[in-house]
Q: 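Here it is: the structure, laid out below.
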Amino acid sequence: MTQTENVPVTKETPFVPIEKIVSLAKRRGFVYPNSEIYGGVSGIYDFGPLGVELRNNIRRYWWWSMVQLNDNIVGIEGAIITHPRVWEASGHVENFVDRLVECKNCKRRFRIDHLPEENLLQNKCPNCGGELMEPRTFNLMMETYIGVIEGERMKTYLRGEACQNIYLDYDNVLKSSRMQIPFGICQIGKAFRNEVTPGNFLFRQREFEQWDLQFFVHPGEMQKWFDYWKERRFEWYKGIINHRDRLRLRAHGPDELAHYAKQAFDIEYQSILGWQEWEGIHWRQDWDLSRHSQFSGQDLSYTDPNTKERFIPWIVETSGGVDRTFLNLLLDAYEEEPGEDGKEGRTVLHLNPMLAPVKVAVLPLQKNKEELVNTAKDIYNRLKRLMVAQYDDVANIGRRYRRQDEIGTPYCVTVDFDTLQDSTVTVRERDTMSQIRLPISELPAYLLERVTWH
Ligand code: ATP
């Protein structure tokens, strides 16, 4: 099975309002506002029991696709705090800024680079039409201090982007593994930014998680590898969503490109928020390793073992967000299906089964029949060792199916009176609601084939 075959095909659905996702996420234990009992902190969230399962699946699937399947890629996990010079070398201390304008009337704040051109030219608030104040510049780095004695404490930063660790560890990876160029280093990790306009739920947070591939190449092979990773990453995202027409690759215009970049693309997803960046594919050239060589005084050049040519490797970067993936998957999967023939409708998350937080729910038809309950618990106890499973005997079977649909559980196994006679169960599939009969002994293989990546 390939990574894309598992994706359910759904009818065209309208864009889902963010509020519906926020509400479902809280009600069903995906995402909670952080420190809610104290009034919360804007742009910071916690993940609940189902959220942590979905998040772990998203991370693991990326890691499997990138690190496990590619012989020329290894992974690292770097620290959140680094030497402060790192952020001088990277340019963050000087240039990691957002310019912000505030409306004199409604007090809403906007990033200048997000303002429609018309509003920028007329100095007019896009919300109320009021006059905008003079722009102000803010650095996004979050400061912290190492050490306890006043005067000896060293100011540094929580990392503003996770990828810097990869440049810092590049030489250690080369020396401690058997990698040769071209090769890549991957990492998933938290990043922190004092975003001036946090919002849209998980889309723009102050604490979030990124995944990065930094792929080191010979300058002469840069274009080839850039094109390769651009296509591979685009296909990867296509493989995890239902609405593939809502995904596009957008080339950066000349005004958006960094001075060292020949080109750059954003993989964008279209939702109620419009077309928005999900992952960036960047041409970083020799910028990062050269800067760190210069600032640290360490030679980070590479010597080709065959040709003995020495050069600073060029880098293709693919950098995306775990949280934006989480949010986009929910926006992509959410559907309110009206009931047919006077029947009750349902809310369903058409999540890709391999990413769904719960893989299977085991349901005895009735709760007051001991034999049904014992058999269902027995099946549940066997399945939970293989995959995330739930046992549920509360309320009628239709309601229990609806509860599982709403959290995206791809399969429900129902134990009924026939089960006690012939050891078969009903397996109900989430998207089509179709049901088949299977021997209990065949359940593990049947489900594993459909809910795991391989
Ligand atoms: P934006 O232009 O939206 O501010 P960016 O270009 O600064 O994003 P990068 O620095 O390239 O973003 O970060 C790589 C990825 O990290 C983004 O594609 C996005 O998925 C994710 N990301 C960036 N900032 C945030 C944030 N504040 N909250 C959640 N995810 C983020």
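Order of listing sets the numbers, starting from 1, for every ligand and every atom in it. Counting begins at 1 with the first residue of the sequence. What's counted below: heavy atoms across the whole structure, side chains too, no hydrogens, waters or symmetry copies.
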Q: For D332 and H243, test the side chains for any donor-to-acceptor distance below 3.5 angstrom and give the result as yes or no.
A: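 Indeed, the side chains of D332 and H243 share at least one donor-acceptor pair under 3.5 Å.
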Q: Taking the six-membered ring for Trp, are Y61 and W236 closer than 6.0 Å centroid to centroid?
A: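 They qualify: ring centres under 6.0 Å apart.
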Q: Which protein residues come within less than 4.0 angstrom of ligand 1, counting heavy atoms only?
A: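 Ligand 1 is contacted, at a heavy-atom distance under 4.0 Å, by R111, R193, E195, L202, F203, R204, Q205, F208, Q210, E277, W278, E279, H282, S319, G320, G321, R324.
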Q: With ring-ring contact (aromatic ring centres under 6.0 Å, His included) as the rule and sequence neighbours excluded, what pairs involving residues 168-205 come up?
A: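 Checked against ring-ring contact (aromatic ring centres under 6.0 Å, His included) - neighbours excluded - the pairs reaching residues 168-205 are Y45-F201, Y170-F216, F183-F216.
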Q: May I ask you to check whether Y237 and W278 place their ring centers less than 6.0 Å from one another?
A: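 Distance test on ring centres: under 6.0 Å, yes.
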Q: Sequence neighbours left out, what pairs pass ring-ring contact (aromatic ring centres under 6.0 Å, His included) with at least one residue falling in residues 93-149?
A: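 Of all non-adjacent pairs touching residues 93-149, those that pass ring-ring contact (aromatic ring centres under 6.0 Å, His included) are H92-F96.
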Q: Taking ring-ring contact (aromatic ring centres under 6.0 Å, His included) as the cut-off, I'd like each qualifying pair that reaches into residues 299-329, sequence neighbours left out, listed once.
A: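 For residues 299-329, and leaving out neighbouring residues, the ring-ring contact (aromatic ring centres under 6.0 Å, His included) pairs sorted by first residue read F47-F326, H218-F311, Y302-F311.
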